[in-house]
Colleague: 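Input: one structure, supplied below.
Computed from heavy atoms alone, side chains included, the values below leave out hydrogens, waters and symmetry copies.
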Amino acid sequence: MTADFLAQLRTIVGAEGVICGEQELVVYECDAYTLEKHAPEAVVLPRTTAEVVAVVKLCAEQNLPIIPRGAGTSLSGAVLPVGGGVVIALTRMNRVLSVDVRNRRALVEAGCVNAWVTRAVQDAGLFFAPDPSSQMACTIGGNVAMNSGGPHTLKYGVTTNHILGFEMVLPDGEVVWLGTTPDGGEDVDGYDLRGAAIGCEGMFGVITRVLVRLVRAPQAWKTMLGIFETVDDASQTVSDIIGDGIVPGAMEMMDQLITQAVEDAYQFGFPRDAGAVLIVELDGLAAGLQEQADRVVSICQQNKAREVRIAKSDKERADLWKCRKRAFGAVGRLSPNFLTQDGVVPRSKLPEIMRFIAATSAKYRLRIPNVFHAGDGNIHPLVLYDERDPDQIRRAVAAGNEILEQCVALGGSVTGEHGIGVEKIDFMEKQFTKADLDAMRALRSVFDPTGRCNPHKLFPGSKRCADFLPKKQVAA
């Protein structure tokens with residue numbers, strides 16, 4: 001990273017838009033997956049697509065890796081600058097550019113925070129449905145790159161279901177638009193390159209603008225808190241509600257340990273002695289919603305719920321969801337560090353995987369509280385450890401790996417929304433065949449033939465730094 005190169009970057013984005021000091025770069029050495037850390041050689045903060053193009057072309061001339069980054073809330077090391085390179089942080093490109101209420105869509109910049117989209121359109125009776133727990137910080141570009149989920153994806157679907165199209169700068173500096181254009185209709189001819197690129201974990205290019213689909217806000221909600229003696233009873237309730245033909249907007253579960261931490265932090269009124277609590281939210285037309293709520297209450301009671309509370313006001317509902325979405329923050333009261341997994345199992349296997357997690361906790365002598373999207377079987381065990389103790393780190397990683405292996409064994413997946421990043425690379429060969437992986441690599445090469453865009457992610461073997469060093473350096 002020469003002085004001349006840094007000077008050229010400053011010419012493109014301004015002196016305040018380039019970060020290269022050793023202390024300042026520490027901020028960018030990892031995302032929310034803190035077990036592995038690598039500092040980039042420089043960070044640039046562009047304000048326009050044109051600046052992104054100029055930075056990308058300059059890096060291409062120097063054969064330097066580029067790492068697109070949003071808010072850094074990824075939990076899998078997806079923006080880890082392994083081997084250095086230039087991080088392109090989109091946080092200054094954070095505007096809602098236009099809102100089309102009639103066609104229920106909005107054009108936003110990639111660095112726009114998820115929650116800001118709904119804030120911009122709520123007066124029109126609309127909202128942006130994907131709601132990761134980090135939605136007060138995570139960005140739309142990052143949501144697209146990781147195909148993020150959230151509590152309400154049970155009914156509304158994940159990010160890909162709400163993205164009409166987006167602008168992306170390819171690793172050679174070419175600008176492409178994939179999917180529906182801001183001034184076009186929804187039908188697009190040819191291959192669905194939009195869908196192919198969503199969830200690419202930043203390996204296809206740098207997303208700069210996104211056309212999002214907006215959803216009409218429900219007429220009414222019924223938000224309930226079921227209190228259970230055991231996780232098994234709460235898990236069975238989830239299966240029974242879906243089996244009864246009811247599709248809630250969300251179903252979220254917290255076990256006793258995480259409930260106690262949340263109650264200590266926010267004093268909502270969660271019972272500290274409950275084995276598990278289940279949040280069930282119904283939404284839709286007001287007519288008929290009470291009947292559905294009565295059926296949910298009945299199913300909870302059939303599964304030995306000691307109590308079912310129903311939110312009595314919008315504030316009470318909002319407070320309940322605030323506690324759920326801040327659960328990860330409350331874990332700081334339990335441990336200085338935690339490793340979060342996001343495996344998926346069939347809903348019918350929830351009791352089995354929860355028993356396995358409890359056994360794993362005992363085996364490795366580490367506490368593992370659980371908070372997860374019970375409605376779609378997307379678990380979030382949080383393995384608690386202290387990074388000052390190398391043995392605890394070793395046990396935490398081993399425990400997390402065993403839980404993911406069990407998810408696959410039960411017919412599930414190693415990730416529901418956090419992605420592979422660097423964390424789960426070793427699981428790709430366990431879940432996919434060689435033919436599957438070869439097809440993924442071939443697709444990636446269409447967008448990024450040289451492998452410079454967010455290298456060392458997702459594919460087996462890509463953790464070796466030599467895999468993505470510039471070829472002339474490898475030859476040397």
Side-chain angles (χ1 to χ4, degrees), residues 71 73 96 106 112-140 143 148-157 159 162 212 214-227 234 241 246-254 258-272 274 276-286 289-290 292-293 296-297 300 307-333 371-375 380 417:
T73 56
V96 175
C112 180
V113 173
N114 177 293
W116 295 359
V117 181
T118 292
R119 189 184 307 164
V121 302
Q122 61 188 3
D123 288 346
L126 302 172
F127 75 108
F128 182 61
D131 61 336
S133 294
S134 59
Q135 71 178 139
M136 300 305 292
C138 66
T139 61
I140 296 298
N143 293 169
S148 303
H152 287 85
T153 57
L154 172 62
K155 179 175 181 178
Y156 292 98
T159 296
H162 301 275
V212 303
L214 303 173
V215 179
R216 184 170 295 282
Q219 189 179 83
W221 291 271
K222 288 288 183 181
T223 306
M224 291 159 277
L225 179 69
I227 300 167
I241 289 172
I246 300 172
V247 182
M251 278 198 289
E252 300 288 298
M253 193 187 303
M254 299 190 293
I258 194 72
T259 301
Q260 290 174 349
V262 169
E263 180 61 18
D264 288 344
Y266 308 120
Q267 293 84 48
F268 178 77
F270 291 110
R272 295 177 54 83
V277 298
L278 181 66
I279 301 171
V280 182
E281 179 160 281
L282 305 172
D283 63 19
L285 297 174
L289 205 59
Q290 184 60 53
Q292 281 193 42
V296 169
V297 171
C300 289
E307 182 185 358
V308 180
R309 304 175 186 174
I310 299 179
K312 299 181 179 63
S313 65
D314 289 343
K315 181 182 184 306
E316 196 168 312
R317 170 181 175 260
D319 287 344
L320 178 58
W321 278 115
K322 194 177 296 183
C323 289
R324 162 58 188 91
K325 293 193 174 186
R326 292 180 178 177
F328 281 24
V331 175
R333 292 173 171 266
V371 52
F372 56 95
H373 311 314
H380 288 318
E417 55 185 350

Colleague: Do Y266 and K322 have side chains that approach each other closer than 4.5 Å (heavy atoms only, starting at C-beta)?
Modeller: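 Counting from C-beta outward, Y266 and K322 never come under 4.5 Å.
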Colleague: With side-chain contact (heavy atoms from CB on, under 4.5 Å) as the test, would you mind laying out the steps for F128 and V121 before giving the verdict?
Modeller: CA-CA 8 Å; F128 182 61; V121 302; over 6 Å; no
Colleague: For side-chain contact (heavy atoms from CB on, under 4.5 Å), just list the numbers for M251 and L154, CA-CA rounded to whole Å, side-chain angles, deciding distance to a tenth of an Å, and then say yes or no.
Modeller: CA-CA 8 Å; M251 278 198 289; L154 172 62; 4.2 Å; yes
Colleague: Please tell me if the side chains of I140 and W116 come closer than 4.5 Å, counting only heavy atoms from C-beta onward.
Modeller: no
Colleague: Taking A137's backbone N and O only, do any of them form a donor-acceptor pair with S134's side chain (distance below 3.5 Å, no angle check)?
Modeller: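 Here the side-chain-to-backbone pair does not exist.
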Colleague: Using modelled atom types and a 3.5 Å cut-off, is there a donor and acceptor pairing between side-chain atoms of Q219 and backbone atoms of A286?
Modeller: yes
Colleague: Do R324 and V262 pass the side-chain contact (heavy atoms from CB on, under 4.5 Å) test, and can you show the C-alpha distance, the side-chain angles, and the key distance before you say yes or no?
Modeller: CA-CA 8 Å; R324 162 58 188 91; V262 169; over 6 Å; no
Colleague: Any chance you could measure I279, atom CD1, to R317, atom CZ, to the nearest 0.5 Å?
Modeller: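 I279 CD1 to R317 CZ: 11.0 Å, rounded to 0.5 Å.
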Colleague: For D283, is there any backbone N or O sitting under 3.5 Å from a side-chain donor or acceptor partner on K155?
Modeller: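 Yes.
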Colleague: Over all heavy atoms of both residues, which pair between L278 and A234 is shortest? Give the atoms and the distance, please.
Modeller: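 Closest approach of L278 to A234, heavy atoms only: CD2-O, 4.1 Å.
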Colleague: Would you find a donor on one side and an acceptor on the other, under 3.5 Å apart, between the side chain of D131 and the backbone of H152?
Modeller: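 Yes; at least one donor-acceptor contact below 3.5 Å.
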Colleague: When you measure from the side chain of Y156 to the backbone of V215, do you find a donor-acceptor pair of N or O atoms at a distance under 3.5 Å?
Modeller: no
Colleague: Nearest 0.5 Å, please: how far is SG in C323 from CD1 in I258?
Modeller: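 The distance works out to 11.5 Å.
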Colleague: Answer yes or no: is there a side-chain heavy-atom contact under 4.5 Å between R272 and D264?
Modeller: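 Side chain of R272 against side chain of D264, heavy atoms only: contact under 4.5 Å found.
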Colleague: Measuring only between side-chain heavy atoms, which start at C-beta, is P130 closer than 4.5 Å to N143?
Modeller: no
Colleague: Looking at side-chain heavy atoms only, is the closest gap between P151 and K325 below 4.5 Å?
Modeller: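 Yes, side chains in contact.
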Colleague: If only atom types and distance count, is the side chain of D319 paired as donor or acceptor with the main-chain N or O of F268 below 3.5 Å?
Modeller: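 The answer is no, because no donor-acceptor pair under 3.5 Å joins these two groups.
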Colleague: Just one of I246, V247, L282 clears the side chain to side chain contact (heavy atoms under 4.5 Å, CB included) bar with I241, so which one?
Modeller: I246
Colleague: Side chains of T223 and E281 only: does a donor on one sit below 3.5 Å from an acceptor on the other?
Modeller: yes
Colleague: Is a side-chain donor or acceptor of T118 paired with a backbone partner of A115 at a separation under 3.5 angstrom?
Modeller: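 No; judged by distance alone, with no hydrogens or angles, the pair does not exist.
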Colleague: Do you know which two heavy atoms are closest between H162 and A129, and how far apart they sit?
Modeller: CE1-CB, 3.5 Å
Colleague: Of all heavy-atom pairs between A327 and V371, which one has the smallest distance, and what is that distance?
Modeller: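 Between these two residues, the closest heavy atoms are CB-CG2, 4.2 Å.
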Colleague: Quick one, L214 with V117, criterion side-chain contact (heavy atoms from CB on, under 4.5 Å). Give me CA distance, side-chain angles, the key distance, then yes/no.
Modeller: CA-CA 9 Å; L214 303 173; V117 181; 4.0 Å; yes
Colleague: When you compare the side chain of R309 with that of P271, does any pair of heavy atoms fall below 4.5 Å?
Modeller: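 Yes - at least one pair of side-chain heavy atoms lies under 4.5 Å apart.
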Colleague: Please check: side-chain N/O of E263 versus main-chain N/O of F270, any donor-acceptor pairing under 3.5 Å?
Modeller: yes
Colleague: Using a distance-only test with no angle check, is there a side-chain donor-acceptor pair under 3.5 angstrom linking H380 and E252?
Modeller: no
Colleague: If you round to the nearest 0.5 Å, how far is SG of C112 from CZ of R119?
Modeller: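 So the CZ of R119 and the SG of C112 are separated by 9.0 Å.
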Colleague: Is any side-chain heavy atom of T259 closer than 4.5 Å to a side-chain heavy atom of M254?
Modeller: yes
